[in-house]
Amino acid sequence: MATDTLKSTPGAQGGAAGGLRRLLLDNGALTALIVLVIAMSALSGDFLTADNLLNVGVQAAVTAILAFGVTFVIVSAGIDLSVGSVAALSATVLAWSATEAGIPVVLAVLLAVATGIVCGLVNGFLVSYGKLPPFIATLAMLSVARGLSLVISQGSPIAFPDSVSHLGDTLGGWLPVPVLVMVVMGLLTAFVLGRTYIGRSMYAIGGNEEAARLSGLRVKKQKLAIYAFSGLFAAAAGIVLASRLASAQPQAAQGYELDAIAAVVIGGASLAGGTGKASGTLIGALILAVLRNGLNLLSVSAFWQQVVIGVVIALAVLFDTVRRKAGATAPAAGASGGGKGKQALTYVIAAVVAVAVVGATSLLHNGSSAADRPKIGLSLSTLNNPFFVQIRDGAEEEAKKLGVDLTVTDAQNDASQQANQLQNFTSGSLSAVVVNPVDSDAAGPSVRGANQAGIPVIAVDRGVNEADTSALVASDNVEGGALGAKALAEKLGGKGTIVILQGQAGTSASRERGAGFAEGLKDYPGIKVVAKQPADFDRTKGLDVMTNLLQAHPDIDGVFAENDEMALGAIKALGSKAGKSVQVVGFDGTPDGLKAVRAGTLYASVAQQPSELGRIAVRNALRAVEGEKVEKMVKVPVKVVTKENVAGFEG
């Protein structure tokens with residue numbers, strides 16, 4: 001009786017207000033999504049447009065598809081950290097099979113899907129029969145799948161077959177195919193969880209695995225199927241992602257497993273297992289996409305974006321915890337009849353409320369005149385490297401001088417994230433876009449979108465393939481690599497043994513600098529390369545890799561590093577040998593690199609004058625906006641900087 005009284009009290013006392021309060025409490029993730037949409041609509045007049053809302057859907061698609069697969073695992077009290085790497089491997093297998101191996105596209109797609117399923121089965125076998133904790137088993141697969149992706153592709157992106165690339169296009173000129181695939185995969189997830197034997201088994205295993213086993217469930221075999229589902233969805237996500245980028249990137253989807261897990265948890269699932277649903281996962285993925293999209297449109301610093309997203313994820317999950325403790329009720333898994341009808345009504349009411357409030361807030365932006373100052377977006381491949389920080393600094397300095405509003409984003413060496421940022425720029429009220437591509441091929445589809453919108457695009461440091469750019473402002477990486485080879489070889493007197501520290505596999509800068517160095521070294525047959533190893537343009541990795549190489553090759557005479565950061569790491573590993581018995585040549589001419597040149601520990605750096613690249617890029621973007629003539633190719637000379645000429649060099 002007491003229970004019945006408590007259940008009836010809110011409706012009796014609170015009326016409509018109490019019902020709305022209970023609706024919001026019972027649907028924490030949905031409430032968070034509505035609040036975010038309303039806030040972004042109020043803060044940015046560019047958010048609530050048809051094009052931008054479709055952008056949000058496209059940007060949520062890959063995360064959502066991955067998250068649907070992860071939902072199966074989390075509902076059964078497991079975890080899958082490998083989905084991002086499995087997605088990259090599946091896409092790489094498809095692209096390699098259809099191009100290099102000449103396999104028909106249909107069979108290549110099936111092979112890619114089979115790759116994802118096999119990876120999932122291996123995870124399931126290690127967890128079920130190998131008794132490994134899911135965290136360890138899937139962490140191992142994360143590394144294995146990523147490594148195989150790099151081995152198959154040799155570290156370079158592989159162009160995607162045209163027939164499959166259409167998955168990244170639109171239907172009828174307005175409906176993005178990735179959104180359609182996301183919806184289909186979401187419906188499949190809901191069907192499996194709510195209408196199938198294996199779906200009910202997932203909830204049973206997650207609720208109490210031992211009880212499920214004693215009830216007659218074949219838990220080990222069920223886990224094999226659960227992880228196979230996760231691998232299948234990862235493969236689908238990888239194909240959709242590669243289709244958007246028109247190429248399979250071996251380094252694609254790094255960190256996406258964390259976004260997928262976050263989307264599932266934000267959507268109301270428990271990491272302890274037993275709860276979770278497809279609609280909640282979709283809402284979680286949309287929350288992440290709305291956040292990133294809105295913060296881009298609001299010109300929030302790339303560094304602060306990570307802080308804000310982390311805080312919002314924590315708040316969303318905290319809100320869900322509070323509502324559970326407050327006694328809010330969630331529909332039971334697999335509920336039917338009135339429960340599902342009530343849930344559907346909840347979503348309808350939420351949509352009506354959101355549309356009404358968003359429509360009201362949009363009036364704030366009606367009639368407002370556009371700012372007189374031109375707006376330019378700058379998408380950099382990374383800000384975790386002094387070279388690109390200098391490009392940003394030069395661009396910001398020139399923008400301030402010219403009276404331009406400059407929005408800077410950081411793609412974090414993720415071609416997919418950069419595609420999202422460029423789409424956001426296109427749907428916003430920007431006058432021009434400056435892009436430093438993570439990958440020249442992958443940036444093509446997004447830049448073509450800007451072309452269609454009539455927005456001029458300036459490429460800086462690296463070009464964009466299969467798209468129209470008003471200008472390319474760059475130095476020649478190939479020429480720079482050749483100059484580096486000449487400088488090192490002449491310093492060594494034309495003979496000796498050297499090692500090469502390569503940049504991040506798959507990036508055009510690493511490929512071009514390495515190719516230029518190899519070509520330049522042909523003129524010096526007395527120089528022998530005894531080892532090449534990637535250190536990802538990172539100083540710490542440069543230190544570690546160089547330390548390891550010295551164990552095998554203690555008597556080397558020289559080192560060529562494809563950027564100054566790795567060169568500085570190598571110098572640290574060499575200790576007193578640097579600049580004396582071992583000569584080191586770097587690339588980029590960063591402030592720390594030039595400081596090492598002055599100290600004599602770094603023999604030379606092939607300097608590209610990055611600040612000048614940024615200044616010239618903004619200058620040309622403004623000229624394109626104003627309709628002035630812009631040169632298609634603007635070359636900024638590279639220069640070998642040594643101790644003799646460093647005093648007069650300005651980067």
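Residue indices begin at 1 and follow the sequence shown.
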Polar contact flag, side-chain donor to acceptor under 3.5 angstrom, [X]-[Y]:
| X | Y | result |
| --- | --- | --- |
| D80 | S82 | yes |
| T281 | T71 | yes |
| Q251 | N413 | no |
| S270 | T275 | no |
| N424 | Q59 | yes |
| D259 | T63 | no |
| S427 | N52 | yes |

For this session: Please test L188 against F68 for side chain to side chain contact (heavy atoms under 4.5 Å, CB included), starting from the C-alpha separation and ending with a verdict.
Result: CA-CA 9 Å; L188 177 59; F68 289 140; over 6 Å; no

State whether the side chain of [X] and the backbone N or O of [Y] hold a donor-acceptor pair below 3.5 Å, judged by distance alone.
| X | Y | value |
| --- | --- | --- |
| Q418 | V438 | yes |
| D536 | D538 | no |
| N123 | Y227 | no |
| S215 | L217 | no |
| Q421 | D410 | yes |
| S76 | V73 | yes |
| S243 | V164 | yes |

Working to the nearest 0.5 angstrom, can you tell me the gap between [X] [atom1] and [Y] [atom2]?
| X | Y | atom1 | atom2 | value |
| --- | --- | --- | --- | --- |
| S201 | L193 | OG | CG | 11.5 Å |
| L36 | N293 | CG | CG | 11.0 Å |
| K221 | S128 | NZ | OG | 11.5 Å |
| L282 | I287 | CG | CD1 | 10.0 Å |
| S90 | L148 | OG | CG | 11.0 Å |
| Q254 | L142 | CD | CG | 8.5 Å |

Minimum heavy-atom separation for [X] to [Y], with atom names?
| X | Y | answer |
| --- | --- | --- |
| A252 | A88 | O-CB, 3.6 Å |
| S247 | D439 | OG-OD2, 4.2 Å |
| P250 | S149 | CA-OG, 3.3 Å |
| S41 | F47 | OG-CD2, 3.5 Å |
| V75 | G276 | CG2-CA, 3.9 Å |
| A234 | L66 | CA-CD2, 3.7 Å |

For this session: Let me know which of I152, V151, V144 forms a side-chain contact (heavy atoms from CB on, under 4.5 Å) with L89.
Result: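 So, applying the side-chain contact (heavy atoms from CB on, under 4.5 Å) to L89 and each of I152, V151, V144, only I152 qualifies.
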
Exercise. Could you go step by step and tell me if L271 and V265 meet the side chain to side chain contact (heavy atoms under 4.5 Å, CB included) rule?
Worked result: CA-CA 7 Å; L271 289 175; V265 175; 3.8 Å; yes

Report yes if some heavy atom in the side chain of [X] is under 4.5 Å from a heavy atom in the side chain of [Y]; otherwise report no.
| X | Y | result |
| --- | --- | --- |
| I309 | L295 | yes |
| L94 | L111 | no |
| I266 | I283 | no |
| M40 | L298 | yes |
| K223 | Y129 | no |
| F160 | L245 | no |
| T409 | N296 | yes |
| F191 | T196 | yes |

For this session: Name the orientation class of the two ring planes belonging to F229 and F72 (parallel below 30°, tilted from 30 to 60°, perpendicular beyond 60°).
Result: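 Judged by the thresholds at 30° and 60°, the geometry between F229 and F72 is tilted.
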
Exercise. Given the rule in the side chain to side chain contact (heavy atoms under 4.5 Å, CB included) test, do R292 and L288 qualify, once you have shown the distances and angles that lead to the verdict?
Worked result: CA-CA 6 Å; R292 292 194 169 100; L288 294 176; 4.0 Å; yes

Exercise. Does the pair Q249 and L241 meet the rule for a side chain to side chain contact (heavy atoms under 4.5 Å, CB included), with working shown?
Worked result: CA-CA 9 Å; Q249 306 277 326; L241 175 60; over 6 Å; no

Exercise. Would the number of heavy atoms belonging to other residues, nucleotides or ligands and lying under 6.0 Å from CG of N208 be above 12?
Worked result: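 Yes, because the 6.0 Å sphere around CG of N208 holds more than 12 heavy atoms from other groups.
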
Exercise. Which residue pairs satisfy the side-chain hydrogen bond (donor to acceptor under 3.5 Å, both in side chains) criterion with at least one member in residues 93-104, sequence neighbours excluded?
Worked result: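 Those involving residues 93-104 do not exist here.
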
